[in-house]
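Values below: every heavy atom of this structure, side chains too, minus hydrogens, waters and symmetry copies.
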Amino acid sequence: MDISTIIFYLIAAFILGMALLAVTAKQIFRSAIWLLFTLIGIASLYFWMEVEFIAAVQIVVYVGGIVVLIIFSIFLTQQSAADMPSPKLGRKIAAAVASLLGLALCGLLVYEYGFSKTEATFDNEVSRIGTAMLNTGSDGYALPFEAVSILLLAAMVGAIVIAMKESE
Amino acid sequence: MFSLENITQIVHTWLYENMHPTLALMVEFAFIGVLVIALFAFLGLVLVMMERKVSSWMQLRLGPNRIGPWGWFQTVADTVKLIVKEGMTPNNVDKLLFNMAPILVIIVSMVIMAPIMFAKGFQIWDINIGVLFVSAVSSLSIIGILMAGWASNNKYSLLGAMRSGAQIVSYELSAGLSMLTIVVLTGSLKMSDIIQAQETGWWLFKGHIPAIIAFVIFIIAATAETNRAPFDLAEAESELTAGFHTEYSGMKFALFFLAEYVNIFVVCAIGATLFLGGWMPFHVGNWEQFNNIMDYIPTPIWFFGKTFFLIFVIMWFRWTFPRLRIDQLLNLEWKYLLPISIFNILLVTVIALAGWHF
Amino acid sequence: MYRETDIIQTIPGTDEMVINVGPQHPSTHGVLHLVLTINGEIVKKVEPHIGYIHRSIEKMCESLTYRQFIYSTSRMDYLAAHTNNHACAMCVEQGMGIEVPLRAQYIRVLMDELTRIASHCLWWGSIAMDCGAVTPFFLAFREREMINSIMEETCGARLTMNYNVPGGVMADIHPTFQQSVKDFVRHFRSKIDEYDELVTGNIIFQSRLKGVGKLSKEDAISYGCTGPTARASGVSCDVRKHFPYEIYNQIDFTEITHTAGDSYARYLMRLAEMRESMSIIEQLIDNIPEGDYLAKTKAVLKLPKGEFYSRVETPRGELGVYIVSEGGTTPYRIKFRSPGFSNLSALDHMTRGHKIGDLVAIMGTLDLVIPDIDR
Amino acid sequence: MGAGSLIALAIAAIAFASIALMVAKLVTKATKNKQKGEAYECGIPSQGPNLIQFNVGYYLFALVFLIFDVELVFLYPWAVVVKSVGWIALVEIVVFFFILFLGLLYAHKKGALQWK
Amino acid sequence: MSEVPNNENIAANADTGAQPEARKSIAELAGPIPFPGTVHETPGGGILVSAMDDVINWARSNSLWPLTFGTSCCAIEMMSAYSAKYDWSRFGFEVARASPRQADVIIIAGTIVNKMAPVLKRLYDQMADPKYVVAMGACATSGGPFFYNTYSVVKGADHVIPVDVYVAGCPPRPEALIHALMTLQVKIKAGMTREQIRDEMKTT
Amino acid sequence: MVPVSHILLLSTALFFIGMYGLFTRRNMIALLMSIELMLNSININFVAFNKYVWPGQLDGIFFTIFIITIAAAEAAIAIAIVINLYRSHLSIDVNDAAELKH
Amino acid sequence: MTREDLQQELTGRFPDFTFEEGGQFLTMHVPAAQWSNIAYFLRDAPEMQFDFLFCLTCVDWLKHLTMVYHLRSYTHKHELVVKCQLDREQPEIASAAYIWRTAEFHEREVFELFGVNFLQHPDLRKLILPDDWVGYPLRKDYDDPINMIKL
Amino acid sequence: MNLKQYFADIFNGVKSLATGMKVTGGYFLRHHKEKITEQYPDNRDTLVLAERFRGEVVMLHDENNEHACTGCTACELACPNGTIKVITKFDMTPEGKKKKAVDTFIYHLELCTMCNLCVEACPTGAISMANTFEHSVFDRSTLTKQLNKPGSKIRAGVE
Ligand code: SF4
Ligand code: SF4
Ligand code: SF4
């Protein structure tokens, strides 16, 4: 095992541990913080995979944006300090069993298929991404790129309409 | 030309020749860690002292001058005092998050050092998304503040945290956009490329008016992002006592304090890199003679000189301006800075595409 | 276990929270305690709680003689100790019918105006500090220290001068007094423009103050506001004009009023008052008549039976001293009508609907001195 | 040096912070009393729960921010290549910006960016 | 450390005053005053420990961050000491903290009345150790002008919280306040404050 | 060297942790957070496939970016709804919300 | 209006109220029961318009308490002092807080220092003294052997 | 027009900020000229206080250790504050008459408000205000002083 492998397993353990904490924490604020660490862990996984751009996007959008928004909404709904009602034990067990079964099934599938790595190097320089994004040809992403702006516009308008409905 | 490149190179090769690569890597990392911690200590001591001196000089007074030569040991005394002061954890706080927040803030301000180029060839990691990395990691510091504010179980802390939440997220946009103007001009996110592109002159001068506008916006946004006056609403003394770190004491408080100053350094270093050419000496077009003379000044001096100049400007702001109110602060961003920087980036695109810059 | 929710003052969904500001808070200028009800950043209600510096001066004065009680009033509005003492001395003189020598009147008025400048200087520094700018504070203190030195030369103390005694002033002016006052005025004339450059014209500062904390003329009167606070709302209430005491009726000065009634008007008000005070000083400083500085009085003062009310214009407004005498050597009842007390009562009215940052600015422009309110 | 340096830096930071906190813990002697642990609120016992009630205003800012933040993400690759791609890139981004600007205008008109 | 105030010097100067007996030198004060409690002996007593103690005391004494606490007139003179003419930042005292958690010294500048006393106590209690107290002015020292015939004034702040240094005057000049803080520095350096006398710490 | 399947297993585990949260939580914001976890696990898959299996293309990267974008939009809308519900019913419990009939 | 005119006017309207001779201000004694009506009259009547209550206090005469109201009119520039005698055991008087808003704080002060009960006061609580304070310190017979050291 | 107003606002704002920065920047550059700090403990030798500054009450003694206090307690009565306690005794004059004289003149510096009333009241000018100010102590009881020096006596001829 070389150092990079060790680091992968450390990161994986970190991600899973934090994710588990995130779904089991009693206080929702703490839950959000654990989610945050999960996301940071995933970002570092991307760094480990050397897809730096996605890693940075992950941090910018998820950590800097979505989690902040979630934290704000937690504050806004005054639930931050109260313990969340703990689910019934039966429900917990059922959920755990279902999840574990699903995990086993998928794990089996993954093992069955046994994806093999290609040795070709993966070039994900930002310039390559950018060129592809602006390319109007058939393998370019210009149209989705513009569509994203419309999606964002719609999301913004929708969210503003919904959020401001009550305050009128 | 004096350069640190050779030194780092020599160390690098020597290590790899004499050691197992993993070990060599480890040793290098250890070096980095120690160096950055040393840099932290240095920045903490120097910037605090500088702040005090700048403020006192603007305020007709002398500033610390009694402890050590010209008062230079003042910050040492403060540091030692803070270390040996009780770092208390009040009763009703969320102990885990309360203690984690300052560490998180410190981690953020340390990780963000990675792509900064301190001198020619002296950089921890020339990451290929350099600028994006900086703006991504800096958005993490808000989490530490929100965490501290919430965990403190104190109304002032929470109010302060809220304020800085709204503030930092807002100003991130115009900071990012003004950084992008330089990316448009350079065509790369790498710090080294950006600096190299300024060999014939700094972007501030080469980039015409849009670069100057971007620079001004960047400085404003940087001041806001580091919670400095006139945007220090998060710790507005006269309103919220000490804001989000009201409940922090001793070393925990000192870590926030340190992180604040390191963040100032970082944003100013980024500003210096993007707009003032980082370690690149002052070059003018093709005046070979002049450029050669400029090259004699070592690159770290250029870098730190520029950075400290920007830090001085930010301190100058602090000791001149009153604080904005929260709604004015957000208005400034959303009504003025953001639209202006969006148009500015279009303008700079036109300039870049038309090749009007030098 | 986590939060103590035994006193729940917030109603879920109404978004309101109760927060204490003060008594130990940098912006309350002392020990004012405000209980704010806020919604987010918006102030819904301000409830001042005072008494954290209630030193029972009124009770104490009932057992002090007419010579002695004056000193304790320096401690009420310590930024204007001289005007406080002035009001008390005047009340005693009025009761006893003592004629104050002209020279003493000049000196008193000069000192009053110097005090006004010093007080407004400090106010200017602290309003800027409240708004977050620190440097003005030091500039203001430079001027204030100059006045303090002048005071110290003549009165013997920097802050609590105790210079007025019934019948005049305690000592003659120091030989260098006139010169140093003239130096000061010359210096200050050049520096006050700098004040404008640094703070008044500053866009941030203006937007912090303009339209904030509006007080209409009717409200100002109804709340009993006096001084710059009321004059900024258009109430002409300068005691120096309406009930001239000492030599104020011989001096040429204008009573400055603004009509906007907002914080910025109050701010401009005080800056203009500083300029006006300087012109008063310039009128007087060369014309101090020769003569006694202290009228002859008996060793033991006894006020006749009756009630006496005297008022002066302190930097904060009208200070009234109301003495009920039973003919003894000590007052039977003494009441200080302090300007700050009434001005404070308008705070709630002025702040509602504004933000926390505005609260600080409004308090700053009200120029509250808490011991003056509490007495 | 690669991504490992990030981990090195993070570890250095943790080490730095925790050593500093440890030293602080070891060296200081602290008194204990009942009031020490109470929340500081200007010297008056705090009233009521400390649940923050901030109005929707904060949230709306965060929301608009999030949208623009995502937009910013798309700008980075664009900015890198704009010089090599040429004018078409400008056209594309103008369209992109225009649509988003409509959103900003809408938010503005709706008063979402008006602090209440 | 040539610029650290030289106490001997001050002591020597003190005797040239017009009223020799009235001018007490700091060194004199630090010396023979009987201080309640016993001076702590370091457990190891080793050179290293004591050297470290010295360093710590040096740091503490030179980095006294005051709480922005002032109740009345004396607070104005405290502000004067902060202002440019007297500038206590020369000593590093200028980092006034609004939160008691971060402050080292509480300068009781002004009268303490009965209603304020619990607040003062709470503030003092909420400060992180080590913490020092300077009673500034007659009021904080003894009730001063409001000692007699008042029903609401605490007759000296030391009835509420322990005080390290008293300075008389009404109000004391800014210089006098600086002198008081220097006196406090002497006391800290000599290891005579409550924090260094561990026995007493249990009692609070 | 880490086999691809391990990365995929990691993402699968993450997905089912999110699923567990989705089943057990009743707080709507917590539900949202679980959904974010699941989206993230999918992102990991996309990136891993793109990098290790089909390195010649960029589709995985772009899908990731778009998923992140959509996640942001979704979070914005979802939180707007949650807040709106909260303001009208003072609760963000799904069970309560289910009973609502507008 | 001059002092004499004012006195004339007021005696014309309220013949049974007494006026004090001499003194700095025109002083009118009013029965406490009628204070509320008279206050409204003083503020609203066009020839009075006492819009500014500049001092409100109380004096303890050992046999009774006297409320003293100092009034001024910004329009007519005249001044008037109104006094009301109150029973010392059960001092009660109508609040003027709705007439002059400054009275709210002044009355709260008088309430705690003299124990005067202001009827219909919007918020009659202790303002200055600690909440658990007993006694009315500004009354002449107030004694506090613990806090008050007599010289 | 609206847009014009928009840019005018920006321009004016920036201009006003620049004006402010000019002031502070000017002070920064002219610091050596403008600074007004008096370095207190270092200027102790040269520190000139106003002669009238009231720092504490002292009793004036001449070189023969004689003072002018007759023990009349006028100062004690004049003091609003109970700061002065004059304890008198009865001396035998050379003629064998009893004469009131001061035994201990107790002065509570910690109470004194420096109001000068005692000095004004003294018929013989025996006490005056000194401009000392360094009254910091560790123990407040040391602030209570005896003003007449041990062994001092009243100057001849003072009534
Ligand atoms: S000692 Fe004198 S100056 Fe200081 S607070 Fe007391 S009365 Fe005011
Ligand atoms: S000092 Fe003066 S007034 Fe006092 S007892 Fe002596 S002689 Fe009398
Ligand atoms: S100065 Fe005033 S307080 Fe001091 S002893 Fe003399 S009379 Fe008393």
*Most heavy-atom pairs under 4.5 angstrom with chain D, which of Val60(A), Leu151(A), Ile7(A)?*
Val60(A)

*Is it the side chain or the backbone of Phe97(D) that comes within 4.5 Å of chain A heavy atoms, both, or neither?*
neither

*Quick one: list whatever passes side chain to side chain donor-acceptor pair (under 3.5 Å) with Tyr46(A), sequence neighbours left out.*
none

*Atom of Phe29(A), atom of Ile74(A) and distance for their closest heavy-atom approach*: CA-CD1, 4.3 Å

*chain D: which of Ser149(A), Ala56(A), Ala155(A) shares the most heavy-atom pairs with it under 4.5 Å?*
Ser149(A)

*Hey, which of Leu66(D), Ile93(D), Ile67(D) has the most heavy atom pairs under 4.5 Å with chain A?*
Ile67(D)

*Please look at Leu152(A) and chain D and tell me whether the side chain, the backbone, both or neither of the residue comes under 4.5 angstrom of a heavy atom of that chain.*
both

*Starting at CG of Leu69(A), measure out to CZ of Phe65(D) and round the result to the nearest 0.5 Å.*
9.5 Å

*Could you tell me the separation between the CG atom of Leu45(A) and the OG1 atom of Thr38(A), rounded to the nearest 0.5 Å?*
12.5 Å

*Could you pull out the closest heavy-atom pair between Ile70(A) and Ser73(A), with the gap in Å?*
O-OG, 2.7 Å

*Atom of Ala32(A), atom of Val67(A) and distance for their closest heavy-atom approach*: O-CG1, 4.4 Å

_Heavy-atom pairs under 4.5 Å with chain A: which of Leu63(D), Leu102(D), Leu72(D), Leu100(D) has the most?_
Leu63(D)

*Let me know if Ile66(A) has heavy atoms under 4.5 Å from chain D in its side chain, its backbone, both or neither.*
both

